[in-house]
Amino acid sequence: MSSEMSRRQILGIGAASLASGVAWPGEARAAAHGAAPHHPGQPPGDRDPSRPYWQPTYSGGAIDVAALPPGLPGQHYRPVVVPNGAALPFKVVDGVKVLHLIVHEVDHAFDPGLRARCWGFNGRVNGSVIEAVEGERIRIYVTNRLPVATSIHWHGLYLPNGMDGVGGLTQPYIKAGETARYEWTLRQHGTFMFHSHHDEMTQMGMGLIGMFVVHPRNPSPDQRVDRDFSLMISEWAVEPGTARPNTLEMTDFNILTINGKVFPSTAPLVCRTGDRVRLRLGNLGATHHHPMHIHGHHFRIAATDGEAIPLSAQWPETTVLVAVGQTRTVEFIADASGDWPFHCHMTHHVMNQMGHGFPNMVGMNPAGLDEKIRSLLPAYMTHGHTGMDMGKMAEVMPYPRNTISMKGATGPFGDYISMGGLFTILRVRDRLTSYDEDPGWYQHPPGTVALKASEADLARDGIDVNEPMTEGGAPSAPPPPSQPTPSGGGHRH
Ligand SMILES: [Cu+2]
């Protein structure tokens with residue numbers, strides 16, 4: 001056996017596929033020049049010569065393909081919804097879609113109470129989305145209004161090497177005051193990102209990140225959705241009282257954002273009951289993984305930034321981990337009306353302005369202490385001894401300039417919602433006049449809210465509030481006739 005042969009076998013290409021002349025990686029580019037069908041990966045044990053395990057291309061095939069006419073919103077695609085942000089405007093010049101990014105300093109509000117001098121695109125921080133259509137040619141001008149050089153990388157996209165945007169490697173820097181031109185033909189669809197690829201720690205940490213959505217040229221019925229949200233996750237270190245993100249921070253972040261906003265400033269995801277919903281999630285933060293969790297529904301993991309996952313291979317979850325440098329696209333039908341949290345499940349990521357380096361006070365009795373310390377510090381108040389339920393504290397405690405409460409907003413019952421940071425609300429409504437209006441708090445059908453148990457409830461069920469149940473088992477009376485359980489019809493938490 002030749003060494004070449006054994007190498008092919010190691011690569012998992014069997015004799016059958018060799019005999020049938022199936023292209024393997026060395027020949028992939030040649031094969032891709034034809035109208036090679038695009039095959040998702042297939043397990044080696046299920047190899048069919050017409051559908052090889054090795055796909056014809058992993059980089060989109062020939063780069064000199066003829067561009068298709070530009071796709072237009074409302075005509076060729078349903079535009080993506082960008083809460084707290086927007087898709088970039090474009091114009092069409094000689095059949096090419098032209099966009100313009102201006103990179104500059106932005107006085108950004110994470111929330112009305114917390115601003116910082118960040119870096120962003122076109123007046124926005126983290127909330128800019130490039131939206132395009134597979135097969136079209138795009139030309140993106142990048143004007144650098146920073147005091148330093150930059151370059152912009154198109155993350156996950158197939159493109160000529162010189163358009164990849166790596167400062168110093170694939171192109172000269174875009175120096176302060178200069179405008180660069182990027183241009184290529186899109187040979188894929190999916191959810192991608194863009195970001196500075198020059199002094200990344202500083203420039204991405206200051207906010208130079210965005211989402212890049214490419215719609216399919218001819219979407220199948222399965223690819224059509226009613227609501228298509230783009231959500232960029234990031235984290236920041238903005239010390240209380242300061243007005244610049246600390247980009248030297250490696251692990252200790254205190255501001256966790258969706259499209260540059262913290263809850264309650266994150267705009268809700270408004271849907272009609274029964275809508276097909278897609279959430280495109282991207283993470284270009286620093287170190288954290290973000291397990292994004294939905295309430296009341298499950299979703300399918302439908303795509304990564306590599307490729308769409310075939311329907312038969314998509315799997316159900318209620319939480320999807322979106323690691324740094326990844327996109328995850330999930331889809332579901334919003335068929336449960338209500339106000340459902342969609343949030344990061346890292347408990348420190350649904351808080352703002354974490355008090356790091358703060359001693360653990362849980363369980364401490366501060367009686368008498370506050371009074372003594374107030375003789376030195378009039379506004380002093382011990383906090384943390386009952387945890388971080390900030391409702392009362394937010395009302396009485398003075399904050400330093402340019403900070404916000406650790407978390408929260410007053411909710412529909414008058415109580416504080418003890419959440420902040422990476423948290424938003426999926427608002428599913430049976431009746432909706434417009435997607436653009438916040439429908440307000442959910443009106444629960446009678447009897448469907450967890451309220452304080454009545455004495456009659458407790459008596460009926462024999463609940464002693466001072467003792468846990470010690471006996472269970474068979475009911476004393478015959479059970480009521482069983483009712484059929486609708487599969488998947490119940491609400492989860
Ligand atoms: Cu998180």
Side-chain angles (χ1 to χ4, degrees), residues 82-85 108 110-111 114 116 118 125-127 155 191 193 195 200-201 204-207 209-211 229-239 245-247 249-269 279-299 301 304-305 317-330 332 340-358 387-388 390 403-409 417-426 493:
V82 190
N84 304 106
H108 176 64
F110 297 98
D111 179 87
L114 178 64
C118 301
V125 172
N126 290 15
H155 182 112
T191 305
M193 303 185 281
H195 61 84
E200 291 88 341
M201 184 187 77
M204 292 174 72
M206 288 291 280
I209 61 177
M211 298 288 279
F229 295 100
S230 173
L231 305 171
M232 171 65 90
I233 298 163
S234 194
E235 60 260 309
W236 311 73
V238 184
E239 292 300 316
N246 178 7
T247 58
E249 183 53 61
M250 292 165 72
T251 55
D252 196 5
F253 299 97
N254 62 348
I255 303 292
L256 287 293
T257 54
I258 300 172
N259 289 347
K261 298 286 181 181
V262 295
F263 182 78
S265 285
T266 48
L269 313 178
L279 306 178
R280 302 173 187 263
L281 310 168
N283 177 0
L284 284 176
T287 59
H288 289 78
H289 288 191
H290 299 294
M292 299 301 293
H293 175 60
I294 198 160
H295 287 219
H297 298 79
H298 76 272
F299 45 60
I301 313 293
T304 72
D305 34 342
E317 290 276 13
T318 68
T319 303
V320 59
L321 187 66
V322 190
V324 176
Q326 291 184 330
T327 72
R328 290 289 178 270
T329 301
V330 301
F332 63 101
W340 303 106
F342 176 65
H343 66 98
C344 181
H345 220 290
M346 297 289 282
T347 52
H348 288 72
H349 294 184
V350 287
M351 298 182 75
N352 300 321
Q353 301 283 28
M354 288 300 305
H356 297 99
F358 185 81
M388 293 283 173
M390 306 305 282
T403 48
I404 47 174
S405 165
M406 276 190 188
K407 48 196 176 183
I417 303 166
S418 61
M419 294 281 168
L422 268 174
F423 184 98
T424 190
I425 300 174
L426 173 72
H493 182 73

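Numbering of ligands and ligand atoms starts at 1, following listing order. Numbering starts at 1 and runs along the sequence shown.
- Between the side chains of His349 and His343, no donor-acceptor pair of N or O atoms lies under 3.5 Å.
- Side-chain atoms of Asn246 and Glu239, non-hydrogen and from C-beta on, never get closer than 4.5 Å to each other.
- Counting only protein N, O or S atoms, the number found under 2.8 Å from the Cu ion (ligand 1) is 3.
- Across Gly285 and Ser234, no two heavy atoms sit closer than the pair CA-OG, 3.7 Å.
- Looking only at distances, a side-chain donor or acceptor of Asn84 sits under 3.5 Å from a matching main-chain atom of Ala267.
- Aromatic ring pairs are classed by plane angle as parallel below 30°, tilted from 30° to 60° and perpendicular above 60°; the pair His108 and Phe110 is perpendicular.
- At a threshold of 4.5 Å between non-hydrogen side-chain atoms, the residues Pro264 and Asp111 count as touching.
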